[in-house]
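Convention: sequence-line order gives letters A, B, ...; per-chain numbering from 1.
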Amino acid sequence: MEEEKNVTGENVEARLLEEYFNKIKQLLRYTKSKDDIIAQLGKDLQHYRDGFTAWAFKPFALAVIAFREDLKKDLANTAKYDYDAEKVKKNLGYLLEDFTEMMLQNGVSEEDGGWVYNGHSLSEPLTYGQSEKEEPAEVADGEVAVTDSAPGEAAAEEEPAAESGEQAEAPAPTLEELLGRYHAEIMEELKNNETLDAACLALAKASGSIDADNKLLYIYPVLKKMEGLKEYVGGKLGSVDGEGDAKQLYAEILTHAVNELEAALSLMGCDVLVTDDEFNTSQHRLLKAVETDDPALDRKIAAKLTDAYVFEGKVIFLQKTEVYKFKK
Amino acid sequence: MGKKIGIDLGTTYSCVAYVDETGRVQIIDNSEGEQTTPSVVFISGGEVVVGSTARQEGGLQPECIVERVKNYMGDPDYTLNVDGTDYSPAAISRYILEKLVRDAKDKLGDDIDGAIVTCPAYFGDHARAATRLAAEKAGLNVLQILDEPTAAALAYGYSKQEDMNKTILIYDLGGGTFDSTVMKLNFVGDKREMEVITTGGDHLLGGKDWDAKLTEYITQEFCSRTGCDPDEMACDPECIQMFSENTEKTKKLLTSKESATMTVNYDGQKERIEITREKFDEITESKLNQTISLIDNMLNAKNMSMNDIDEIILVGGSTRMPQVKARLEAEYGKPISSFEPDKAVAMGAALMASFANYATTKTSDGSGSSAGGGSSELSLGGATEFTDPQGRDFVVKVKCTKSYGLIAYDENNQRILSNIILKDTEKPCAVSRNFSASVNNQSAALIEILENNSVEESCPEEEGTKMYEDSTIQFPNPVPKGTPLEVTFVMDQDGTLEVELSVNGGPKQKVTPVRLGNDTNMVGMESSLKLQQ
């Protein structure tokens with residue numbers, strides 16, 4: 001099944017937005033409100049230029065990474081310290097609280113038993129524009145189900161749109177159609193400076209709405225996986241007292257969580273980096289220098305305390321390390 | 001034709017801005033994609049690294065890393081040894097500026113024609129001269145060294161359309177420093193005049209102190225629940241890193257939420273420690289009180305009070321904490337607004353650089369300013385006005401940020417510091433004071449100049465700092481004791497000082513004192529280190 005991470009027509013969108021911006025720039029006379037709108041348009045355009053996923057999801061990726069690394073530390077601790085049922089329950093409770101807080105800080109909240117991302121309920125099928133009707137594909141658990149319906153509408157009852165452009169029952173416009181419409185309207189209205197404010201506001205609003213839809217489409221599979229993880233941990237928490245060795249159960253839960261979080265990050269395009277064994281500032285963050293009398297060990301990695309992560313081709317999280325330092 | 005930029009050369013972080021073709025001020029990202037660059041330098045094996053990478057490299061070789069060097073800028077007695085070589089603060093700052101300029105050129109895809117570099121308002125002329133030297137050695141055509149609060153006020157004034165006639169207090173709380181400045185703004189139509197009235201602050205007080213208090217509280221809470229040793233935690237590298245990452249995040253959460261939680265994971269123990277905004281305000285109250293005291297002292301020294309202030313402007317990232325605005329409102333009851341906390345200084349410098357008309361900056365040999373300058377008399381830049389694309393004229397009145405006096409003898413024949421130019425005197429200025437010959441057959445006068453923060457006409461010698469070499473002015477003829485001697489200090493807009501002396505009303509003789517520390521500033525400046533990418 002084809003899974004699209006980016007919106008169809010992303011290049012068109014960027015090109016059209018750039019054209020708007022240049023035209024508006026030339027015709028506008030300075031006022032603070034227009035200045036603010038241009039500033040916002042410029043920022044939006046720059047974000048698209050720099051890489052949509054990078055700016056939209058890097059904070060979320062970093063939050064998940066930090067959470068994962070904390071769980072890895074807990075997992076390592078299970079080999080070193082004692083854990084009774086009470087301690088395990090307490091720590092799992094903290095895990096769930098930390099998890100909820102992390103999601104909340106990144107736009108995901110729980111409402112009426114389901115998750116909501118920026119106003120969109122994750123329990124409802126996703127919709128985003130359409131040019132032709134498609135039969136909804138069978139989807140596996142946790143994967144995107146892209147339908148040709150607006151939210152809440154039934155999927156199977158519309159007729160296919162005619163190629164002449166005749167539309168039945170006002171289907172949602174595609175991104176390209178929307179931008180084209182705004183482009184034509186704005187070019188006409190720009191001739192009249194009195195309506196310029198309204199045009200700029202409309203464009204800003206449209207770009208904001210497109211932005212939110214793009215983010216949801218991209219993050220949906222990740223959030224479904226996270227939702228599954230939380231359900232798993234919550235379920236296991238209830239069985240700590242009854243399932244034999246609490247410490248072993250805790251280790252199993254943490255192992256599962258660490259693996260699931262790695263998979264979630266990978267869905268986002270964020271992967272664990274295999275790092276060098278010699279200190280490299282582009283991969284490693286030094287936490288502690290370990291003195292050694294062996295010059296051959298100078299600057300070699302003594303201990304890797306976390307993973308390093310790459311996102312959109314850049315290292316966004318350096319591996320925390322202990323490094324040998326030759327004592328002269 | 002290349003671009004002109006404004007550089008906020010900060011104690012802990014630096015920032016670069018320029019004005020684009022539409023007249024809007026933009027911050028320039030560095031090569032790491034960040035808008036600010038840590039003012040950290042790592043020197044080892046003939047190579048220099050600046051910024052966040054320098055911190056990483058410095059972990060293995062702490063003796064090779066330099067931070068907060070701005071605190072010693074222009075100090076004639078201060079050099080530091082890094083990787084076996086002595087450097088002045090100016091020589092270190094040069095490398096920071098080199099990186100900023102290189103990244104700016106790469107991002108803009110254009111040459112840099114000129115730059116304004118900002119400095120704290122409390123910087124005396126020596127520190128400003130050192131800053132200029134560092135920038136010139138970094139290859140910059142230095143248009144001006146501009147006060148940070150003036151730069152922030154320029155950016156603020158640029159953003160305002162309406163007329164106003166008010167006195168504002170700029171409250172600038174950054175990561176590592178606190179500055180307060182009183183300015184008078186007179187905006188009428190297209191005329192925008194700005195005048196610095198007085199300055200104050202503490203260059204060792206900043207947001208990092210709030211972080212430290214938060215760390216202390218969280219650590220105490222964790223240890224009280226778990227029995228762990230707070231001193232051991234304070235020495236554990238993973239713990240230090242964890243607090244370094246999470247304290248700032250928690251502080252920022254408390255900006256928008258009433259409470260925040262930090263999870264501490266140490267020695268097999270895990271605790272979620274909650275802190276309310278109320279508690280955070282309580283544990284950091286003493287730091288906020290310090291800023292209030294500094295403001296009050298600054299106003300008192302100028303025989304002013306808050307009644308003279310119309311509005312308070314918040315600048316600096318740490319002013320985002322709600323407690324700052326709340327406390328200032330409760331303390332002073334004045335309208336408070338926040339303006340571009342992290343960027344205002346760089347923005348104002350960029351505006352001045354882009355729109356002001358600068359003649360070629362002069363050096364003492366009369367040549368134009370270029371890379372490789374370093375004469376003993378450095379022009380400190382003097383443009384004070386510009387016209388923006390909308391036709392608005394911005395005028396900034398520049399003031400002396402220190403008092404300048406010389407050693408004389410009182411009626412008890414004790415040495416005292418007699419101020420001639422007082423702090424906050426508008427530049428350029430020529431101020432005279434009358435003295436008299438102290439002995440019979442006196443044939444010359446020893447000119448010992450001290451810089452100080454006093455606003456009194458006379459003060460103890462210990463309050464002054466020697467910033468110039470002693471010089472001697474010979475009299476035309478020996479004179480009896482008590483002969484009137486008129487001494488005039490002449491300071492131009494650039495901050496260059498000249499001394500004139502007239503014996504018994506006769507012709508004036510002049511001398512230009514040589515700044516101490518010029519040689520110190522050059523220590524390490526000519527080293528041929530390679531700036532790493």
Side-chain angles (χ1 to χ4, degrees), chain A residues 21 24-26 28-32 35 38-39 42 46 50 54 58 62-63 66-67 69-71 73-74 76-78 80-83 87 90-91 93-95 97-98 101-102 104-105 279-290 298-299 305-306 314 318 320-326, chain B residues 20-26 29 32-33 42 49 51-62 158-162 225-226 235-242 244-246 249 252-253 256-257 259-274 388-392 532-533:
Chain A
F21 181 65
I24 290 170
K25 208 170 64 174
Q26 284 168 15
L28 281 175
R29 280 195 289 177
Y30 179 84
T31 67
K32 188 177 188 307
D35 195 56
I38 290 175
Q46 193 60 44
D50 287 346
K58 185 177 166 185
L62 287 171
F67 185 64
E69 290 299 331
D70 192 52
L71 296 189
K73 184 173 180 176
D74 288 342
N77 284 343
T78 59
K80 291 193 286 187
Y81 301 98
D82 291 328
Y83 288 82
K87 190 172 180 181
K90 185 185 90 168
N91 281 9
Y94 282 166
L95 187 161
E97 286 178 51
D98 283 343
E101 204 170 272
M102 173 188 69
L104 199 62
Q105 287 166 12
F279 184 61
N280 178 344
T281 54
S282 64
Q283 296 178 357
H284 303 120
R285 182 184 299 277
L286 173 75
L287 285 200
K288 184 177 168 187
V290 178
D298 190 41
R299 294 181 70 88
L305 305 175
T306 68
K314 290 181 185 173
L318 296 169
K320 292 176 188 169
T321 56
E322 294 180 358
V323 181
Y324 285 115
K325 178 180 173 178
F326 173 55
Chain B
D20 69 16
E21 58 276 7
T22 65
R24 297 162 38 66
V25 188
Q26 308 276 10
D29 288 357
E32 290 85 10
F42 172 82
V49 181
S52 39
T53 306
R55 278 220 178 97
Q56 293 308 304
E57 289 287 355
L60 276 180
Q61 295 172 265
Y158 186 75
S159 73
K160 296 295 177 189
Q161 297 297 323
E162 65 272 25
R225 292 188 202 180
T226 62
C235 297
D236 180 77
E238 276 193 79
C239 224
I240 293 168
Q241 181 67 26
M242 173 191 64
S244 170
E245 286 170 358
N246 292 329
K249 196 169 83 176
K252 283 179 179 172
L253 277 172
S256 54
K257 295 183 187 305
S259 69
T261 307
M262 189 189 301
T263 299
V264 181
N265 195 343
Y266 173 76
D267 199 24
Q269 304 278 358
K270 195 166 187 175
E271 293 290 333
R272 277 172 58 89
I273 313 290
E274 190 193 35
D388 78 357
Q390 295 175 61
R392 300 180 301 175
Q532 264 197 9
Q533 202 66 23

For Thr263(B), which atoms come within 4.5 Å of any heavy atom of chain A: side chain, backbone, both, or neither?
side chain

Take Glu101(A) and Arg272(B) through the test side-chain contact (heavy atoms from CB on, under 4.5 Å) and record every step on the way to the result.
CA-CA 12 Å; Glu101(A) 204 170 272; Arg272(B) 277 172 58 89; 3.1 Å; yes

Of all of Asp82(A), Asn91(A), Leu305(A), Asp98(A), which one pairs up most often with chain B through heavy atoms under 4.5 Å apart?
Asp98(A)

I need the minimum non-hydrogen distance between Lys87(A) and Gly268(B), along with the two atoms involved.
NZ-O, 3.1 Å

Does any heavy atom of chain B fall under 4.5 Å from the side chain of Asp70(A), the backbone, both, or neither of them?
both

Quick one: list whatever passes ring-ring contact (aromatic ring centres under 6.0 Å, His included) with Tyr324(A), sequence neighbours left out.
none

I'd like to know which of Lys80(A), His284(A), Arg299(A) tops the heavy-atom pair count under 4.5 Å against chain B.
Arg299(A)

Return the set of residues passing ring-ring contact (aromatic ring centres under 6.0 Å, His included) with Tyr94(A) (not counting sequence neighbours), or none when no residue passes.
none

Is it the side chain or the backbone of Thr261(B) that comes within 4.5 Å of chain A heavy atoms, both, or neither?
both

Under 4.5 Å from any heavy atom of chain A - which part of Asp236(B)
neither

Go through the steps for Glu32(B) and Lys314(A) under the test salt bridge (charged side-chain N to carboxylate O under 4.0 Å, His left out), then give the verdict.
CA-CA 10 Å; Glu32(B) 290 85 10; Lys314(A) 290 181 185 173; over 6 Å; no

Is Gln105(A) in contact with chain B via its backbone, its side chain, both, or neither, using a 4.5 Å heavy-atom distance?
side chain

Distance (rounded to the nearest 0.5 Å) between Asn265(B) CG and Asn77(A) CG
6.0 Å

Let me confirm one number: the CD-CD distance from Glu97(A) to Glu274(B), rounded to the nearest 0.5 Å.
10.0 Å

Please say whether more than 12 non-hydrogen atoms of neighbouring residues, nucleotides or ligands are located less than 6.0 Å from NZ in Lys325(A).
yes

Would you call Leu287(A) and Ile240(B) a side-chain contact if the rule is heavy atoms closer than 4.5 Å?
no

Quick test of your reading of the model: are Lys90(A) and Glu271(B) salt-bridged, counting only N-O distances below 4.0 Å?
yes

Under 4.5 Å from any heavy atom of chain A, what part of Leu253(B) do you find: side chain, backbone, both or neither?
side chain

Does some side-chain heavy atom of Lys320(A) sit less than 4.5 Å from a side-chain heavy atom of Gln241(B)?
yes

